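Please read all numbers here as calculations on a predicted model, not as lab measurements. Side chains included, hydrogens not; waters and symmetry mates left out as well; all remaining heavy atoms used. Just so you know, ligand 1 is whichever comes first in the structure, and atom 1 is the first atom listed for that ligand.
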Amino acid sequence: MPDTHAVSAERQAYYDAIATQDLAPLWERMKGLVANSPRPKSVPAHWRYGAIRPHLMKAGEMLTTEEAERRVLIIENPGLPGQSRITGSMYAGAQLLMPGERARAHRHTACALRFILEGDGAYTAVDGERTNMKPGDFVITPSWTWHDHGNDGAAPVVWLDGLDIAIVNMFDASFSEEYAEEVFPPTRPVNDSEIRYGGAMMPEQTGAAGAASPLLNYRWERARETLDAMLRNGPVDACHGVKLHYTNPRTGGPVMPTINASLQLLPKGFRSTSYRSTDGTVFCVGEGSGHSVVGGTRIDWGHNDLFVVPSWMPVEHEASEDAVLFSFSDRAAQEKLGIWRQRRGNA
Ligand code: 1HN
């Protein structure tokens, strides 16, 4: 909060004088700079898939992917208007590829994730390896990898994009370039990384682990089965139900250096205990329905809806049928910086 106390004429003259030298008094600003606890500008927010989808389909009629490069509706937090952010640090968008369409090859320093919402005919290619994408699959595009998308199916394909653009821009470290051709030449067999890394075993290899996971696609089907078994076998966590973090198989750590992503199952009738953490989190409903209370705001969600829990706001979830929530946040970056905190319960 800016301090609004009255300032004497002498001090004001002093502040005006130092301002001409690009100097400012910390004692007037300290409280605004260093909060006692997080004061996120993002607010609890909810987007129904049924509200996004018609607008996205209209964009599908209005413009081609050649025109758009990526045909995406940015999902923007109402507390951060015009900033292309869904939380303080994360970008999110809903992307549409119509049958037969391509989205040309490019790369950038920001890393990206996809969570597939609808349609199963599309692929993403990352540095020459294609992976076919089905609803609920979680796909990564690590920093500075060439990537293009295509839809070879008969139906529109829609997915959620998440990127760490605001983090890269905070560091003024953004680079990007277009590939000379529309499609980056395939250099690996389709789904090669899934074959090598997707089975809880790893190829013999030398050399250090890279910054991001070598596995490009984490399948819905496998994760969903695991969640079911975890629910049957217990225990069920009071705050999270049963929850899996997508990990880099070479390190056990998060899939990409800045972003953590997870999938959790809330069984029908489950009511979670209050939870808060410093990573403002984007949720996408992979299955089922229920509601969450986010900092006192009730959000009633259904399949493919999105909602946001800003940093340090308490959240409680309740499932009206078995529900699966996908989520992502900047927790990976915060943990590296040693600043991530969580609080379980109301203590
Ligand atoms: C991007 O490269 C994609 O590759 C999607 O599909 C959304 C938003 C901002 C910057 C780059 C993609 C993006 C993006």
Parallel, tilted or perpendicular: rings of W159 and H149 (30°, 60°)
perpendicular
Do the rings of H106 and H147 sit parallel, tilted or perpendicular, given the 30° and 60° boundaries?
perpendicular
F138: which of Y218, F115, F328 passes ring-ring contact (aromatic ring centres under 6.0 Å, His included)
Y218
State plainly whether the residues [X] and [Y] are in salt-bridge range, i.e. N to O under 4.0 Å.
{"X": "R11", "Y": "E28", "result": "no"}
{"X": "R70", "Y": "D148", "result": "no"}
{"X": "D137", "Y": "R219", "result": "yes"}

Sub-4.0 Å heavy-atom environment of ligand 1, residues by chain
R70, Y91, Q95, H106, H108, R114, H147, H149, D161, L163, I165
